[in-house]
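Residue numbering restarts at 1 for every chain, and letters A, B, ... go by the order of the sequence lines.
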There are 2 protein chains.
Amino acid sequence: MEKEISQAVIRRMPRYYRYLGELLDDGVERISSNDLSARMRVTASQIRQDLNNFGGFGQQGYGYNVKYLYDEIGNILGINQRHNMIVIGAGNLGQALANYVNFEKRGFVIIGLFDVNPALKGTCVRDIKVRMMDELEAFVKKQPVDIAALTMPKEHAKKIANILVDLGINAIWNFAHLDLELPEHVVVENVHLSESLMQLSYNFANYKKLTDKK
Amino acid sequence: MEKEISQAVIRRMPRYYRYLGELLDDGVERISSNDLSARMRVTASQIRQDLNNFGGFGQQGYGYNVKYLYDEIGNILGINQRHNMIVIGAGNLGQALANYVNFEKRGFVIIGLFDVNPALKGTCVRDIKVRMMDELEAFVKKQPVDIAALTMPKEHAKKIANILVDLGINAIWNFAHLDLELPEHVVVENVHLSESLMQLSYNFANYKKLTDKK
DNA sequence: GTAACAGTGTTAAATTTTTCACACATTGAC
DNA sequence: GTCAATGTGTGAAAAATTTAACACTGTTAC
């Protein structure tokens, strides 16, 4: 099997995808790694190296066809294949995810929203009904669920993650502030907002310090 | 001035902080890089190297004092100094941030919530009043604002970011799906949820492919 | 058709990041 | 007090990532 591609590369792919999408909207047909690098503020070399992990999508003397490259990166990232998602935790964050229609455009369809709060039972976000946790098992067994987003407080996240994995869900988008310890075959992507905020805080404090010293 | 510390290191610091906080809650007084590395699933070497960027916090033969190290990392990250934040965009995501009380515990206090939707005018999230955008300037001039979180659709983000910078705000927590082009002295931390989801999607698809091949 | 140009894919170099290894300071048992 | 054990700080090695360089292919203008 081919060599594994590093997460550093994978992390950049969605950004290429975003820029190519914008170029496409602007009616741009072709682009060179050089032009793209100027827009994205990365080196052209990195763009070429990154793309070449997946194959040669460009052509000497021409550059890259925007539409073609856009689609290819989409395929690589598994976009436009349908992914059924559920969101556990129907608080503001869960609702924000449920309301974000662009996910759906890309094939990530939220088909269920779950919570423990009985007050939310039966309410809807967009056309997605909020269900109680005791309905989870039957729900998952009735229809395939690819990805579960965890937006509940961290106290419950561990237990629920285990339940989800037992139900056969192998991809978890974790917004709870803890590291899930799950079997190796389960893919976890963490979004730790408070850690992101702390990084901002550091850079902010540090930049200030630098300038103060001058 | 000392050599700059890489973002790779900074990104890990909040995680150390989190684990140390948990140890503290569990009443653990001291810990070695080795024990911590086992819990965090990173190498002990990396922990020691990371910490040594900021100074020697440990002691040979003893390890690290949990409380002390916790506080020191807090200082490094600028936690527990008060940071006034405003959130632009009072949709679900903005409200989710406003409702998240742990930010406040760490010194990140959301003092204002702004939106363009007149229907939200005067409503409150926790005790934070939602204000209209035309009140922004007066608000910012009346009290210091350190950080602005941008949770509005990307169409407006660019313009608003510029306004914020003109008003003297130098740290932006950007949730909009675009890259802000701001003066160099402005610190931006991006949270691109759809890119995170695509990364999950890639890893999910790729893991499946790997196992299918076996 | 041809020649100058543009621009990829790719190999190699440079840089950054991570891991290893160990000298030496401190601890804790006796 | 002594001595084995522990465990940091750190310099050096290894690995990974990023950038540079360029041979060579396809493009475009004439």
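Interface residues of residues 6-26 of chain A facing DNA chain D, ordered by number: A/Ser6, A/Arg12; criterion, heavy-atom separation under 4.0 Å.
Ring-plane geometry between B/Tyr70 and B/Tyr17 is classed as parallel, the angle between the planes falling under 30 degrees on a 0 to 90 degree scale with a further cut at 60. Ring-plane geometry between B/Phe54 and A/Tyr202 is classed as perpendicular, the angle between the planes exceeding 60 degrees on a 0 to 90 degree scale with a lower cut at 30.
In this structure, B/Glu195 pairs ionically with A/Arg18, as a charged nitrogen and a carboxylate oxygen lie closer than 4.0 Å. A salt bridge between A/Lys67 and A/Asp71 is present, with a side-chain N of the basic residue lying under 4.0 Å from a carboxylate O of the acidic one. Checked for salt-bridge contact, B/Asp179 and A/Arg41 miss the test: no charged N lies under 4.0 Å from a carboxylate O.
When the P atom of D/dT18 is taken as reference, atom CD1 of A/Ile5 falls 14 Å away, rounded to whole Å. Following rounding to the nearest Å, B/Asp50 (CG) and C/dT18 (C1') show an atom-to-atom distance of 10 Å. Atom C1' of nucleotide C/dT10 and atom CG of A/Asn53 are separated by 12 Å, given to the nearest angstrom. In this structure, the CZ atom of A/Phe54 is 17 Å from the C1' atom of C/dT10, given to the nearest Å. Rounded to whole Å, the distance from CD1 on A/Ile47 to P on C/dG9 is 12 Å.
Proximity of B/Ile10 to A/Asn206: side-chain heavy atoms (C-beta onward) are nowhere separated by under 4.5 Å.
The backbone N or O of B/Asn117 lies less than 3.5 Å from a partner atom in the side chain of B/Asp115, making a donor-acceptor pair.
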*Would you give a per-nucleotide map of nucleotides 2-10 of chain D, 5' to 3', where B means the base has a protein non-hydrogen atom under 4.0 Å away, S means only the sugar-phosphate does, and - means neither?*
----BBBBS
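Applying the side chain to side chain donor-acceptor pair (under 3.5 Å) rule to pairs touching residues 91-110 of chain B yields A/Asn92-B/Asn99, A/Asn99-B/Asn92, A/His177-B/Tyr100, B/Tyr100-B/Asn102, B/Asn102-B/Lys105, B/Glu104-B/Arg126, sequence neighbours excluded.
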